[in-house]
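Accompanying notes for the structure given below.
Residues take their numbers from the sequence shown, with the count starting at 1. Values in this document were obtained by computation on a predicted structure and should not be read as measured data.
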Amino acid sequence: MIKRISVLITWFGFLAVLLCAALYITKPVLNADMFSLLPKSHSQLAYGEEVFFKKNANRIMFSFTGDSKNLAHDELKSWLLKRDIKNSFELPSIEQLSSVFSAYQHALLSDNYKNSMVDKAQFESFYLTQLNQLGNPFVSATLKADISLSLAAFIGDNLKQSQLFSLRNERLTRRLNHKDYAVILATVPNNSLPIDESIKLASSIKNKLESLNITYPRTTIRYSGALFHTAENAQQAKYEMSLFGGLSVIALLLMVFWVFRQVSSILLASLTVLSALAGGATAMVFVFNSIHLLTLVFAVTLIGIAIDYAFHAMTDLAYGNSFYQSSGLSKGTKTALLLSFITTGLGYSCLLGAPISLLSQVAVFVIAGLASAWLFTLIILPIWQSKLVLSERSLIKSQQLLGLMVRFNRYKQSVLLVLGLVLMFLFYLKPISFNNDVRLLNASPQQLILNEQKHLTLMGQLDSHIVFLFASNAEQLLQKQERLIGDLKRINPHLKHNAIKRWLPSKRTQENNLALFNGAVKNNVLIITEKYTGIKVESANTELLSYDALANSHFSVLLNAQMFVEPNKAVTWFSVSGVSTQALTSNVNAYEDAFIYNKPKQISSLLENYSQYLLLTLGVAIVICFVLFSYKFGLRIGTVQVITLSVSLLTMLWVCNAAQGSISIFNLLGGLLIIGLAIDYLVFYQINNLTAVNVLAISLSAASSMCVFGMLAFSNTPAIFSFGLTVMVGILAVYILSPLSVLKSQKE
């Protein structure tokens, strides 16, 4: 006994040292940010994301509408400020804008102003209309600096066209569908809050909103932002991880006790799983600095696979101890365990190149965990052989199952033929369709998703397209943007956009504006200004507005949100609506270094391509299985085993497609795992034959896997649900059909 305990202490001490070393060296962080799972964009788009959008990851948004919207807005804003959550969107005042652009007034002309300078009569009408608008803030703020009102028109027209929001009494407001909305755009101080702090902060904000709903019952308050998605997904993942993991362990331990009726057997099964978890965690921490919480939910599946090794080894040891007094694992079980580890490891290795980091993390965790469980099974479990005895009841049940399987095996040809025909008919009735929407990764509640859509509508981004432009310097970038906007306006003159070229025209456009203005002065088009102000407008020699000048002004916040220039590189983005996707794509593709940015569509397309890769992988895996089985057991057995495997996979895919309406990449990933598990069953049956102890071990293995993976089918995250449902259905199909593959071997 002392020797056994010493070996266990040595084994787990070694694993503990490795894990501690990994934690000390890499210092990994646990996160629940759904955006961190997404694949990286094209290199230039990834640069644009980093410059403009990454800082928005810690932005939260609130909207208020109803009778008491202003009171609710002010109370929440004050509450947020006390917690250092500040407003992140400040519009410069008209006076500030006037001071910024007044030095360049005649080089900056709005389209309306340029159209008014066609002749003297048209300009007089425009000028008088502007002067007669009592209380026009743009005129009153700029008239002293510019009697021609070009500056007033430039600021006023641009604010109306490019800014959806207005500032009223220090509140950001917008009118949409005959309703007035007050809006708060705030920034969480730390962009990478630990999971527990994110949950705590999101919970406190929602509690405050609930109290505001009670205080102002006739006001609708909505909230959105990555913080809330992170908190919701983290809470859901932690709940599912603890629930599924706990229930799985309890169910598995009950199975072990039913078969062996000894506490030592429960201990050995638990230690096998613990060894797998420790080995998997060590490898994952060494490889990844940031570990997603969903990885741990998927990693719960390791329990169901690792304990299979314990079931096969313990039943083999107990059976040998009871009947043959043999020492250690039988040769057949060792061979089958090795083949099982290799095939399952190869299956998961296909995920190492997946476009979603979650899948790579799961692959590393499971492969390393299985290696640890396999070694534990070969090295540690045989030492405890004398403590393992099969219960009489479990042997009786396995004998009964064996009888059913033997009778079932006699009709293998008829069963496989009928199943094949039925599947062909079912696939004809309901062909498989694919759905690889990136939203499968999101477990956020529906209300939060609806809030996001409403806020995108308020921001004018729900039906708009985002375009990125790149150039080597600011002037080239602005000229490219002006040409592209001009091309799009020829398709729809009423096109809506927020391009920065409105506020910062290219120097070529500014020179043309100066020439147009000076020509109008020379032709006395602007003579009416002298009649009403007593001051004659002179020809302008205004200096031109540059990116650097604007970047060092009150306008810098708005400029930096849309344009960024560094040596030898300049980038800008703008949203556009009012043009079809096809027309926009055609025009954007005509420009070098111009891209339409649609992250969800790009990721879904990437997942679609990866699903095709997985389908090919499944096909290649089946071919490899056929070659290996034929080489190991003979052509006839290899053929029957591959037919059994194929029928099981097709049954699984059709059932999942019928249950979900479509299948996704996560169903195919489940199929990959099913191949690994199915090979285990086929190998164990063929090597150890249809015997009571083998049927018992495989039945326990199937029951444990269905238990673990079946629980994932109750997950609220669509991806986890699909994976769990697939594996549960697939294991059931494999368990029922795998006995049909048993034939007398043609080889020694």
Verify side chain to side chain contact (heavy atoms under 4.5 Å, CB included) between Arg171 and Lys77, making sure each step is shown before the conclusion.
CA-CA 10 Å; Arg171 300 185 193 95; Lys77 185 176 181 181; over 6 Å; no
For the residue pair [X] and [Y], establish whether any side-chain heavy-atom pair is separated by less than 4.5 Å.
X	Y	result
Met563	Val565	yes
Asp146	His106	yes
Thr173	Asp180	no
Asp487	Tyr591	yes
Tyr547	Asn473	no
Leu227	Ile205	yes
Leu109	Met117	yes
Ile500	Leu478	yes

Main-chain N/O of [Y] paired to [X] side chain as donor or acceptor, under 3.5 Å:
X	Y	value
Ser224	Asn451	no
Arg175	His178	yes
Gln105	Ser102	yes
Gln562	Phe574	no
Thr457	Gln453	yes
Arg222	His455	no
Asp593	Ala471	no
Gln510	Pro505	yes
Gln481	Thr572	no
Asp157	Ser110	no

Measuring from [X]:[atom1] to [Y]:[atom2], what's the distance to the nearest 0.5 Å?
X	Y	atom1	atom2	answer
Phe666	Leu668	CZ	CG	10.5 Å
Asp111	Ser116	CG	OG	11.0 Å
Ser506	Leu545	OG	CG	11.0 Å
Asp74	Lys69	CG	NZ	11.0 Å
Ile155	Leu149	CD1	CG	11.5 Å
His465	Ile596	NE2	CD1	7.0 Å

Nearest heavy atoms of [X] and [Y], plus distance in Å:
X	Y	result
Glu452	His229	OE2-NE2, 2.9 Å
Asn213	Thr219	OD1-O, 3.9 Å
Ile221	Leu212	CD1-CB, 3.7 Å
Pro431	Asn657	O-ND2, 3.2 Å
Asn587	Ala583	ND2-O, 2.8 Å
Ser98	Leu151	OG-CD2, 3.9 Å

By ring-ring contact (aromatic ring centres under 6.0 Å, His included), which residues pair with [X], not counting sequence neighbours?
X	result
Phe62	none
Phe564	none
Phe228	Tyr223

Going through the distances and angles, do Leu108 and Asn513 end up as a side chain to side chain contact (heavy atoms under 4.5 Å, CB included)?
CA-CA 7 Å; Leu108 306 173; Asn513 288 342; 5.7 Å; no
More than 12 heavy atoms from other groups under 6.0 Å of [atom1] on [X]:
X	atom1	value
Glu566	CD	yes
Lys114	NZ	yes
Lys208	NZ	yes
Lys206	NZ	yes

Geometric class of the Phe555/Phe101 ring pair [parallel <30°, tilted 30-60°, perpendicular >60°]:
perpendicular
Pair Gln660, Asn667: side-chain N/O donor-acceptor within cut-off below 3.5 Å:
yes
Please evaluate residues Leu97 and Asn158 with respect to the criterion side chain to side chain contact (heavy atoms under 4.5 Å, CB included), reporting the C-alpha separation (whole Å), side-chain torsions for both, the decisive distance (0.1 Å), and the verdict.
CA-CA 11 Å; Leu97 291 174; Asn158 282 348; over 6 Å; no
Is the Phe126 to Tyr113 ring centre distance short of 6.0 Å?
yes
Output field: ring centroids Trp573/Tyr597 closer than 6.0 Å
no
Go through the steps for Gln476 and Gln479 under the test side chain to side chain contact (heavy atoms under 4.5 Å, CB included), then give the verdict.
CA-CA 5 Å; Gln476 289 181 6; Gln479 288 187 22; 5.9 Å; no
